[in-house]
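Note that these values count all heavy atoms, side chains included, but never hydrogens, waters or copies made by symmetry.
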Amino acid sequence: MRTTLNLPDALAQAAKQRAAADGITLTSFIEEALRDRLDKEGLHAARVPLPTFTPKTPGALIDLDDKDALWDILDRSA
């Protein structure tokens with residue numbers, strides 16, 4: 001597929017220089033960069049859920065915006 005990209009001049013120049021240094025075409029360089037980015041995004045989509053914990057003190061799960069409840073829990077654990 002042919003397409004047109006609008007890139008900042010400095011970015012386009014850096015990509016051309018890197019492609020030349022790697023001995024590949026600019027098209028190949030951009031294709032490889034896009035594949036790498038898409039592969040990385042695929043890894044993020046398959047995230048493992050975080051573990052959950054049961055509090056040692058019953059009722060310790062509180063709304064941290066509720067200052068009074070927070071102080072009550074802190075006073076009980078001291």
Apply side chain to side chain contact (heavy atoms under 4.5 Å, CB included) to Ala20 and list each qualifying residue two or more places apart in sequence or on a separate chain. none

Which residues pass the salt bridge (charged side-chain N to carboxylate O under 4.0 Å, His left out) test with Asp66, not counting sequence neighbours? none

Just grab all the salt bridge (Lys or Arg N to Asp or Glu O under 4.0 Å) pairs involving residues 8-21, residues at least two apart or on different chains. Arg18-Asp22

Taking side chain to side chain contact (heavy atoms under 4.5 Å, CB included) as the definition, give me every residue that meets it alongside Leu11, ordered by chain and number, with sequence neighbours left out. Leu7, Pro8

Applying side-chain hydrogen bond (donor to acceptor under 3.5 Å, both in side chains) as the test, list every pair that has at least one member in residues 25-34; sequence neighbours left out. Thr25-Ser28, Glu31-Arg35

Is there a path of hydrophobic side-chain contacts, each under 4.5 Å between heavy atoms, that joins Ile30 and Leu38? no

